[in-house]
Student: 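Sharing a structure with you now.
Below, read A as the first sequence line, B as the second, and so on, with proteins coming before strands; counting in each chain starts at 1.
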Amino acid sequence: MLSSIDYPQALNEQQLNAVTSTRGPHLVIAGAGSGKTRVLVYRTAYLVDQGVDPHQILLLTFTRRAANEMLERASAILDDRCRNVSGGTFHSFANTILRQYAQRIDLPRNFTILDEADAASVIQRIREEKGLNKLDKRFPRKDTISAIISKSVNKGTDVADIICDEYPQFLQWSEMVQQIKNDYMIRKREMDALDFDDLLIVLRNLLDTKEDVRRQLSRRYAYIMVDEYQDTNKVQAEIVRLLACEHDNVMVVGDDSQSIYSFRGAHFRNILDFPQSFPGTRVVKLEENYRSSQPILDLTNEVILCARDKFEKRLFTRKEGDQRPVYRDTLDENAQSNYIINRIQELRQEGIALGEIAVLFRSGWHSNDLEVKLSSWGIPFVKYGGHKFLESAHVKDAVSYLRILQNPSDQVSWMRVLTLMRGIGSKTALRIARDAAEKKLSSVNPGDFKNVSVRRLFEFVAAADPQAQSPAEVLDLALQFYYPFLMDRYDDYDKRANDLESLQRIVERYTSLEQFLADLTLEPPEKSVIEARRHNRQNKNSLVLSTIHSAKGLEWDTVFVIHVCEGFLPSYRSFEDQDAMEEERRLFYVATTRAKRRLYLLRPQAVSSRAAGASNSSPYTRVSRFLGEGRILDLLVDIEHRHVQARGFGQGHARQDRAGRMMLADYFDRTESAWDNW
DNA sequence: ACACTTCGAGTTTTT
DNA sequence: CTCGAAGTGT
């Protein structure tokens with residue numbers, strides 16, 4: 001068979017090895033920028049090239065975006081057959097399979113998927129019913145309870161253990177949280193709802209207990225590839241193990257140094273345990289870096305060298321470069337933002353496209369100051385991470401109308417649409433929601449309700465028919481009903497109406513309401529991306545702002561990492577926990593390894609009082625401890641050495657305040673005129 | 001009895 | 001800004 005692709009030409013030896021080994025279990029340990037995506041893309045193409053039916057290939061990735069991009073690239077180097085490869089996230093894969101096999105496990109096919117906020121509101125109701133809001137001692141809030149439950153489920157440990165390890169302040173409530181967990185599980189069943197964790201667990205159980213299903217699926221997906229394996233959890237690993245039962249043709253790809261999702265139950269041990277669950281695993285290591293220049297790589301190698309649990313891996317590159325990474329102290333967040341804007345202007349003059357520049361940070365709100373300034377300068381940007389489109393109240397409202405049509409047992413959505421109405425609070429709403437869930441919807445008589453709004457709601461429900469009407473038509477009906485409430489409730493309703501128009505544009509691509517709703521929760525469009533598309537059609541040429549988590553797998557010519565100070569990076573939440581602190585370091589590693597040619601590490605010496613409240617009580621910051629380790633200082637330029645050393649890098653807390661203040665005054669005198677100028 | 005308003009306190013990361 | 005508890009209003 002003659003291949004159209006010259007694989008040896010396109011790949012290095014290790015990559016080629018990974019691409020052309022198509023039988024048996026493989027573990028690819030891929031350093032940052034070592035062409036891991038390239039391997040998956042070429043391997044997909046290679047398999048199809050070899051005559052494998054694309055439908056038999058399963059490519060599991062961390063985000064839908066990643067899967068689509070890879071299949072796009074594979075199609076580009078081979079042909080369109082690659083588009084038929086089955087690809088997506090574990091969660092969306094689970095959703096598809098579970099709807100197919102629902103009847104085998106006593107699961108209604110029209111089950112609702114609860115996102116995090118939905119889960120929290122179910123928990124909130126249980127919490128209220130148990131009278132836990134009338135206590136003299138502080139009880140965890142709904143999101144915290146939800147997080148505890150989720151962790152215990154994902155790690156397979158007791159609620160009490162999680163609380164003991166990570167929430168010791170709530171130790172006295174362990175038993176109560178356990179009870180809430182039990183009730184929550186029951187409540188979800190009653191509602192015909194699965195949360196994110198359930199999707200994976202129910203799939204795992206299906207594969208585990210139904211041998212015929214397991215075999216059937218394993219034969220269907222004869223070649224399995226998993227990306228970002230270091231960020232999978234135990235349940236996901238078990239799913240892979242079960243899915244591959246018939247053939248063991250599995251290739252997992254990942255980098256233990258980039259494991260940053262332990263809060264979701266992932267552990268980098270997972271990737272190291274792979275050979276145990278798949279005896280005969282061949283390990284391929286990719287160590288040549290194709291992304292970053294030597295000076296940047298020197299720094300990132302040093303960062304990861306300082307990790308407590310390190311696995312030998314030292315990346316090398318043939319890319320030269322003269323620009324050493326820059327560390328820059330700025331007076332405050334304001335000056336930090338100004339520094340970036342200033343640099344961006346210069347980079348633009350050098351011909352660097354805005355889309356080739358990224359600003360990375362630990363938490364969504366760290367970029368608030370910068371966002372304001374970018375807007376006032378008219379610099380277009382897109383923000384990844386932070387709030388999602390679906391999380392805004394008005395979008396959730398609108399979607400809730402569709403959800404009650406799809407699953408009349410969906411109490412969360414009933415409560416939501418009912419409490420929008422004046423004069424209807426949680427009690428009345430609950431009563432109506434219960435009625436609606438029990439009766440068949442068609443037998444509810446709108447005339448039974450005194451409240452005009454409620455009556456009209458049931459008229460809407462009767463008029464809408466997801467079987468006969470397209471999702472777009474159903475949404476139109478829902479919005480007609482919803483607009484009066486929108487206008488009544490929000491002063492800025494016209495802005496919010498814009499979002500609903502975006503929603504209408506999205507829904508037009510769908511023929512199935514079920515699929516539309518599933519995608520909306522499993523692959524939520526980024527809010528700001530939608531906004532950016534609206535304001536500015538070529539969002540390819542926008543500056544990228546991103547949380548470090550959302551930047552995983554991406555790269556830019558120039559990267560700014562902001563707030564490289566104690567309390568921000570590392571986050572103050574991780575101070576007490578060594579493992580969490582190691583994860584912060586890996587986050588720093590992920591951030592710095594995104595840069596191809598230029599890397600800037602910025603630190604504001606002082607932060608606003610509110611931000612300071614989150615990190616410590618003083619508005620003055622200390623430089624991130626990660627810069628004080630190893631030879632890192634020697635690898636950076638543009639350091640205000642005196643400041644850095646006076647502050648002792650995260651040690652010597654007591655004396656730093658006074659010293660810091662004096663330094664600050666000194667610094668101010670010398671720099672004020674400098675940034676007045678530009 | 002229930003819904004609505006107000007005020008004080010606490011803010012990671014994502015499928 | 002968002003949540004939740006306490007107070008006020010229908």
Student: In whole angstroms, how far is the C1' atom of dT15(B) from the CG atom of L200(A)?
Tutor: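 My rounded result for the distance is 8 Å.
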
Student: Please report, rounded to the nearest Å, how far the P atom of dT15(B) is from the OH atom of Y229(A).
Tutor: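 One finds 20 Å between P of dT15(B) and OH of Y229(A), rounded.
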
Student: Relative to F139(A), does R127(A) satisfy both conditions: NZ or CZ under 6.0 angstrom from the six-membered ring centre, and within 45 degrees of the ring's axis?
Tutor: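 Not flagged: R127(A) not positioned over aromatic ring of F139(A).
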
Student: Please work out if Q124(A) contacts a base, only the sugar-phosphate, or nothing of the nucleic acid, heavy-atom cut-off 4.0 Å.
Tutor: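 Sugar-phosphate only.
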
Student: Rounding to an integer number of Å, can you tell me how far Q230(A) CD sits from dT15(B) C1'?
Tutor: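 Value for this atom pair: 15 Å.
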
Student: Shorter than 3.5 Å, N or O on both sides, protein versus nucleotides 12-14 of chain B: list them out with atom names.
Tutor:
from: dT12(B); atom 1: OP2; to: R573(A); atom 2: NH1; distance (Å): 2.6
from: dT12(B); atom 1: O4'; to: S363(A); atom 2: OG; distance (Å): 3.4
from: dT12(B); atom 1: O2; to: R362(A); atom 2: NH1; distance (Å): 2.9
from: dT12(B); atom 1: O2; to: R362(A); atom 2: NH2; distance (Å): 2.0
from: dT13(B); atom 1: OP1; to: G364(A); atom 2: N; distance (Å): 2.8
from: dT13(B); atom 1: O2; to: R362(A); atom 2: NH2; distance (Å): 2.4
from: dT13(B); atom 1: O2; to: H549(A); atom 2: NE2; distance (Å): 3.4
from: dT14(B); atom 1: OP1; to: T547(A); atom 2: OG1; distance (Å): 3.1
from: dT14(B); atom 1: OP1; to: S550(A); atom 2: OG; distance (Å): 3.0

Student: Under 6.0 Å from the six-membered ring centre of F62(A) and within 45° of its axis: does the NZ or CZ of K552(A) meet both?
Tutor: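 Geometry flag: set, cation within 6.0 Å and 45°.
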
Student: Give the rounded distance in Å between these two atoms: CG of N368(A) and P of dT11(B).
Tutor: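 Result: 16 Å.
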
Student: Find which nucleotide of DNA chain B each of R431(A) and E523(A) is nearest to by heavy atoms, and output the residue with the more 5' nucleotide.
Tutor: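 Here R431(A) is the residue nearer the 5' end.
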
Student: Show the nearest heavy-atom pair for residues H394(A) and Y490(A), with the distance to one decimal.
Tutor: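 Residues H394(A) and Y490(A), closest heavy atoms: N-OH, 4.2 Å.
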
Student: Report the distance from atom CG of D118(A) to atom P of dT15(B), rounded to the nearest whole Å.
Tutor: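 Value for this atom pair: 15 Å.
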
Student: Tell me which residues in residues 140-148 of chain A lie within less than 4.0 Å of DNA chain C, going by non-hydrogen atoms.
Tutor: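 Under 4.0 Å from DNA chain C: R141(A), K142(A).
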
Student: If the condition is side-chain hydrogen bond (donor to acceptor under 3.5 Å, both in side chains), which residues does D183(A) pass it with, not counting sequence neighbours?
Tutor: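 Counting only residues at least two positions away or on another chain, D183(A) forms a side-chain hydrogen bond (donor to acceptor under 3.5 Å, both in side chains) with K130(A).
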
Student: Roughly, in whole Å, what's the span from OH in Y490(A) to C1' in dC1(C)?
Tutor: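 In whole Å, dC1(C) C1' and Y490(A) OH are 14 Å from each other.
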
Student: Using the salt bridge (Lys or Arg N to Asp or Glu O under 4.0 Å) criterion, which residues pair with R431(A)? Sequence neighbours excluded.
Tutor: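 With neighbours one apart ignored, the set is empty.
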
Student: Can you name the residues that form a salt bridge (Lys or Arg N to Asp or Glu O under 4.0 Å) with K373(A), not counting sequence neighbours?
Tutor: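 If we apply the salt bridge (Lys or Arg N to Asp or Glu O under 4.0 Å) test to K373(A), skipping adjacent residues, the hits are D369(A).
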
Student: Can you see whether S121(A) engages K142(A) through a side-chain donor-acceptor pair at a distance of less than 3.5 angstrom?
Tutor: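 No, no side-chain donor-acceptor pair sits under 3.5 Å.
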
Student: Cation-pi check for Y101(A) against R109(A): NZ or CZ below 6.0 Å from the six-membered ring centre and within 45 degrees of the axis, yes or no?
Tutor: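 No; the conditions do not both hold, so R109(A) does not lie above the ring face of Y101(A).
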
Student: Could you point out which residue of V382(A), L374(A), I562(A) forms a side-chain contact (heavy atoms from CB on, under 4.5 Å) with L545(A)?
Tutor: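 Only one option passes, and that is L374(A).
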
Student: On a heavy-atom basis, which atom in P604(A) and which in D332(A) lie closest, and how many Å separate them?
Tutor: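 Reported closest heavy-atom pair: CB-C, 3.5 Å.
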
Student: Each nucleotide N or O in nucleotides 4-6 of chain B that has a protein N or O under 3.5 Å away: list the pair and distance.
Tutor:
from: dC4(B); atom 1: OP1; to: G423(A); atom 2: N; distance (Å): 2.7

Student: Taking any heavy-atom pair under 4.0 Å as a contact, classify T521(A): base, sugar-phosphate, or nothing.
Tutor: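 Result for T521(A) = nothing.
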
Student: Between dC3(C) atom C1' and E391(A) atom CD, what is the distance in whole Å?
Tutor: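 The distance from CD of E391(A) to C1' of dC3(C) comes to 15 Å, rounded to the nearest Å.
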
Student: Determine whether more than 12 heavy atoms belonging to other residues, nucleotides or ligands lie under 6.0 Å from atom NZ of K396(A).
Tutor: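 More than 12 within 6.0 Å, yes.
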
Student: Taking CD1 from I123(A) and P from dG4(C), how many angstroms apart are they, rounded to a whole number?
Tutor: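 Roughly 11 Å, once rounded to whole Å.
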
